[in-house]
Amino acid sequence: EPPPSEEQLAEDLVAGACNEVLERTQRVRQVSASIIDSLDQFPALVEWLRDQMSDPEQRARWLSVGLRVALYLGIAALAFLGTAVALRPVRRRVEPAVEQDGVARAFRLFVILLIDLLPLVAFALGIAIVAMLESFMALRFSAETHAVAWPLIQAVVLGRVSIALARLMCAPEAPALRLLPLSDGAASRLFRWTRRIALAAIYG
């Protein structure tokens with residue numbers, strides 16, 4: 001069988017690219033439809049919240065659950081914030097001011113990603129401490145508290161990982177480590193909007 005001609009290879013390449021574009025367009029349409037459906041339900045959500053807050057019994061119930069969730073996640077939140085603040089100067093020292101060779105660059109990217117994710121490790125340890133207190137002490141949280149806290153825990157994890165990956169790709173404060181060919185201003189804007197969209201989608 002003769003090898004394919006250059007024209008055939010070009011046609012195959014164009015056809016593959018078109019199929020990829022069509023597939024990604026379909027995915028965007030599906031996501032857009034999901035967002036529109038969620039926005040259509042927003043008035044119903046507002047009405048439901050109004051009903052909940054106008055009922056004294058439900059209002060007291062949500063207040064109780066909210067306080068218990070705050071207690072449940074308080075230790076983890078403090079560990080998260082304390083670790084993040086403590087690591088900020090370390091992260092600035094790791095970021096180089098000039099271009100480096102591939103091995104050194106990859107190593108620094110790995111270290112920066114690790115630094116960005118360490119607060120998440122501290123957050124998980126805080127959750128583990130709360131779980132231990134709940135097991136060994138007379139501290140018991142209701143099923144409602146767990147039902148509210150667990151999605152928040154997932155949101156924190158997904159949000160932090162998303163931000164770390166976006167910062168790794170854009171590197172708005174470290175042009176020498178930037179993986180995308182962007183100017184400083186474009187990288188900063190892309191990172192800010194990626195973070196906003198990711199957090200809105202995750203927490204929403």
Side-chain angles (χ1 to χ4, degrees), residues 31 65-137 139-204:
V31 172
V65 171
L67 291 175
R68 291 176 182 273
V69 169
L71 177 62
Y72 189 93
L73 298 180
I75 295 177
L78 289 175
F80 178 92
L81 294 174
T83 305
V85 170
L87 289 175
R88 281 177 185 172
V90 178
R91 194 184 195 285
R92 284 195 292 267
R93 285 198 296 270
V94 171
E95 293 175 344
V98 296
E99 289 285 352
Q100 296 181 320
D101 61 69
V103 175
R105 190 164 177 258
F107 177 74
R108 284 182 181 270
L109 286 171
F110 173 76
V111 172
I112 288 174
L113 181 61
L114 185 63
I115 291 173
D116 285 344
L117 293 180
L118 278 178
L120 196 57
V121 175
F123 180 80
L125 290 176
I127 295 296
I129 291 173
V130 173
M132 291 175 57
L133 292 175
E134 189 178 5
S135 300
F136 297 114
M137 300 175 63
L139 182 63
R140 289 292 180 268
F141 293 104
S142 66
E144 290 175 333
T145 302
H146 285 285
V148 175
W150 180 239
L152 289 175
I153 294 171
Q154 291 177 307
V156 170
V157 173
L158 290 175
R160 187 68 188 186
V161 171
S162 299
I163 291 174
L165 293 177
R167 183 178 284 115
L168 188 70
M169 296 297 295
C170 299
E173 300 173 356
L177 294 177
R178 190 169 298 147
L179 296 178
L180 298 177
L182 299 172
S183 65
D184 292 349
S188 180
R189 288 191 296 272
L190 178 60
F191 172 69
R192 286 199 305 269
W193 278 103
T194 302
R195 179 175 59 185
R196 290 170 183 169
I197 293 172
L199 293 182
I202 291 169
Y203 285 94

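Residues Phe110 and Leu113 have side chains not in contact (no heavy-atom distance under 4.5 Å, counting atoms from C-beta outward). Side-chain contact check for Phe123 versus Thr83: every heavy-atom pair is 4.5 Å or farther apart. Put simply, the side chain of Leu165 does not reach to within 4.5 Å of the side chain of Met169, judged on heavy atoms. Residues Ile163 and Asp116 form no side-chain contact, since every pair of their non-hydrogen atoms from C-beta on lies 4.5 Å or further apart. Proximity of Ile127 to Leu73: side-chain heavy atoms (C-beta onward) are separated by under 4.5 Å at one or more points.
With rounding to the nearest 0.5 angstrom, the CZ atom of Phe80 is 11.0 Å from the CG atom of Leu118. Taken from CG in Leu114 to CG in Leu109, the straight-line distance is 12.5 Å, to the nearest 0.5 Å. Interatomic distance, Gln154 CD to Trp150 CH2, rounded to the nearest 0.5 Å: 5.0 Å. Here the straight-line distance linking atom SG of Cys170 with atom CZ of Arg192 works out to 11.0 Å at 0.5 Å rounding.
Arg91 contributes no side-chain N or O that, together with a main-chain N or O of Ala84, makes up a donor-acceptor pair within less than 3.5 Å.
The two atoms that bring Leu117 and Ala164 nearest to each other are CD2-CB, 3.9 Å, heavy atoms only. The two residues Leu120 and Val156 come nearest to each other via the heavy atoms CD1-O, 4.1 Å. Taking all atoms of both residues into account, the shortest heavy-atom contact from Ala198 to Ser162 is CB-CB, 4.1 Å. Annotation for Thr194 and Ala166: closest pair CG2-CB, 3.8 Å, computed over non-hydrogen atoms.
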